[in-house]
Amino acid sequence: MVKHQPLQVYEKQVLLSVVTGIYGCRWKRYQRSQDNSSKWECGWFIIVCSSFLLLLVWTYFWLVAQNDFNDFNWSIYNRSGEWKDETIPILTSTTVGFTYITFLLILALFHISLGQQLNLYWLDPIGVLATLLTTVSGIVSVDDIWRDEWDILLVSLQSTAPFLHLGALVSVTAMSWLVASHVVRKERSSFQMMVLLFYIVVHLAICLAPLTFTCPCIMDRKTLKPAPAIIGRRGAPMLVPENTLMSFNRALQHGASSFEADVTISVDGVPFLMRDHTLRRTTDISRVFPDREYEDASFFNWTEIRSLNAGRWFLESDPYWTINTLTAKDRSRIGNLTVCSLVEMLRLAARANSSALLNIHKPPPEHPRFRSWFMDTLWVLQKVTWAPDTDRGRVRGLQQATNEKLSLDEIRQRGITSLTLDYRKISLRDIREYLTNNVSVTVYPVNEPWLYSLLWCSGVHSVSSDAPQILRKVPYPIWLMSHSAFNFIWITSDLVSITVVMGIFFFQKWRIGGIQNYNPEQIMLSAVARRPSRNVNVMKEKLIFSGSVLMAQFHSLARSHVFKGLGLVS
């Protein structure tokens, strides 16, 4: 009887078992395979990496796009006719997909560091493709519905670039461990050289990236101008119904210095405040005038408009998730609100010694006041501004403004003294040029502290905001750094990263070189002296396997000679 020796000695490796079990659903003990990952497995790893980078950008986009969630929902409403918060399913799917892909990528990197094949479980490719397809569909939809919003990526980089640079530097430094373990092997190949060259180029690009940064908040603290004035855009629409008298009052309570409102002319020539073309979203017209709910708001007379409730919709839909912050008294007042006229809003501005920025909507050509709509509005403005009443007399004079980005020559020719511009359409250079030529600049919409801080450092005079209650909590720019401090942090972090990367490459070369110089006696002695490392275990497995193969060949030859001697084989 021949007693066969085991070809493999299994050792308990809890981390390896957990990693391979989760990534490839391989929970049983198995012999370590020395084969490289197949092209199929490497292809899926590349897909996972690409999906991670795409989702990283997609997640960052929605983080900074919170500033414009109100405008996004409004644009969806104009297309569908139904008001609901469309950002919730998008944020939920993005969070789930990003978490899932990040988890798979971390497991894959663990496989590479442990020398294991990238055997992805068959269900995971389906999940990766579903996540990738969902993300690509979302990108295409945003490009169709909200194309201008892509500009926020470039705007936000003016605020986040220094921090993204540090994060990228830490990530590429950590990746040097895997790159070094793959490149410093004794056997060299063209693929290894390509990997090394690609890593060097990426690392160098990240180190030099700050040369391209344009960050307004990298400046001398002494040159920082006063905080931009906050204009209540339709009042405080996140707290109470927009374009109502209560909304403008609430904006004043939260630090707004002036108002911005949307003005529409009624069929009998009364200017009133309404953003939408219809009354469906912000009134109960479907109950009072069910046959006219899709009719243009300007085709109602003032008596009909005044009979509508302009607050109940806010309590029922809770569009900004703020109803639970209201008191019972506030809810009662909101439930009885009516549409606000332009005169009422201007009188409130007069009492508060505030100004008003008006966006006047032109009525359709078939409207009875189509030829006189502007004069009707101007008459109301003159009535409030120049009336002998002492309170009204405190309202500031009329100034011509525009929301077009004009050259300085056009501004002078048209007698414009202030510009109201979308933050996505104006650059730091434009702002400084306008301010140098004494042109007041108001930027909209500004709802997040990071954007308010960025514009504060840029020197704008005022911002128009849907959330004055948030901006009033920003007493100083979120971050402010001098040029010398920024250069010191940049150069120091680059030098530390380069030093760490070089140290990792030298250490990996020393470690791999020591393992390659092992002989069988050293391996056995090291196994007795201390717990063997992963690389030593690999060498032992190769030796055991090769020895077992030689033993099997020896037994085969011996049996053949015995059989020949007995005459059983020729």
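Comment: Asp422 engages Arg424 in a salt bridge, judged by a side-chain N to carboxylate O separation of less than 4.0 angstrom. Taking the charged nitrogens against the carboxylate oxygens, Arg292 and Glu304 do have a contact shorter than 4.0 Å, which makes a salt bridge. Between Glu260 and Arg234 no salt bridge is recorded (no basic side-chain N to carboxylate O distance below 4.0 Å). Comment: Lys425 does not engage Asp430 in a salt bridge, judged by the lack of any side-chain N to carboxylate O separation of less than 4.0 angstrom. Look at Arg275 and Asp71 and you find a salt bridge, because one of the NZ, NE, NH1 or NH2 atoms lies within 4.0 Å of a carboxylate O, short of that distance.
Ring centers of Trp479 and Phe163: under 6.0 Å apart, within the cut-off. No close placement of the Tyr320 and Phe69 rings is indicated, their centers lying 6.0 Å or farther apart.
The backbone N or O of Ala236 lies less than 3.5 Å from a partner atom in the side chain of Ser247, making a donor-acceptor pair. Within the 3.5 Å criterion, the main-chain N or O of Ser156 finds no donor-acceptor partner in the side chain of Ser159. With hydrogens and angles disregarded, a donor-acceptor distance shorter than 3.5 Å links the side chain of Asn249 to the backbone of Leu245. Not one N or O on the side chain of Thr59 forms a donor-acceptor pair closer than 3.5 Å with the backbone of Leu56. Using modelled atom types, no side-chain atom of Ser465 and backbone atom of Ile230 make a donor-acceptor pair closer than 3.5 Å.
Within a 6.0 Å radius of CZ in Phe370, more than 12 heavy atoms belonging to other residues, nucleotides or ligands are found. His367 NE2: more than 12 foreign heavy atoms inside a 6.0 Å radius. Within 6.0 Å of CZ on Arg306 lie more than 12 heavy atoms contributed by other residues, nucleotides or ligands.
In this model, no donor atom of one side chain and acceptor atom of the other lie less than 3.5 Å apart for Asp144 and Ser141. A donor and an acceptor atom, one from each side chain of Arg412 and Asn437, are located under 3.5 Å apart. A donor atom on one side chain and an acceptor atom on the other are not found under 3.5 Å apart for Asn73 and Trp83. One side chain, Trp58 or Thr94, offers a donor N or O that lies under 3.5 Å from an acceptor on the other.
Here the rule is salt bridge (charged side-chain N to carboxylate O under 4.0 Å, His left out) with Glu293, and of Arg287, Arg280, Arg281 only Arg280 fits it. Of the options Lys362, Arg369, Arg371, a salt bridge (charged side-chain N to carboxylate O under 4.0 Å, His left out) to Asp376 is made by Arg369 and by none of the others.
Expressed to the nearest 0.5 Å, how far CG of Leu273 lies from CZ of Phe248 amounts to 5.0 Å.
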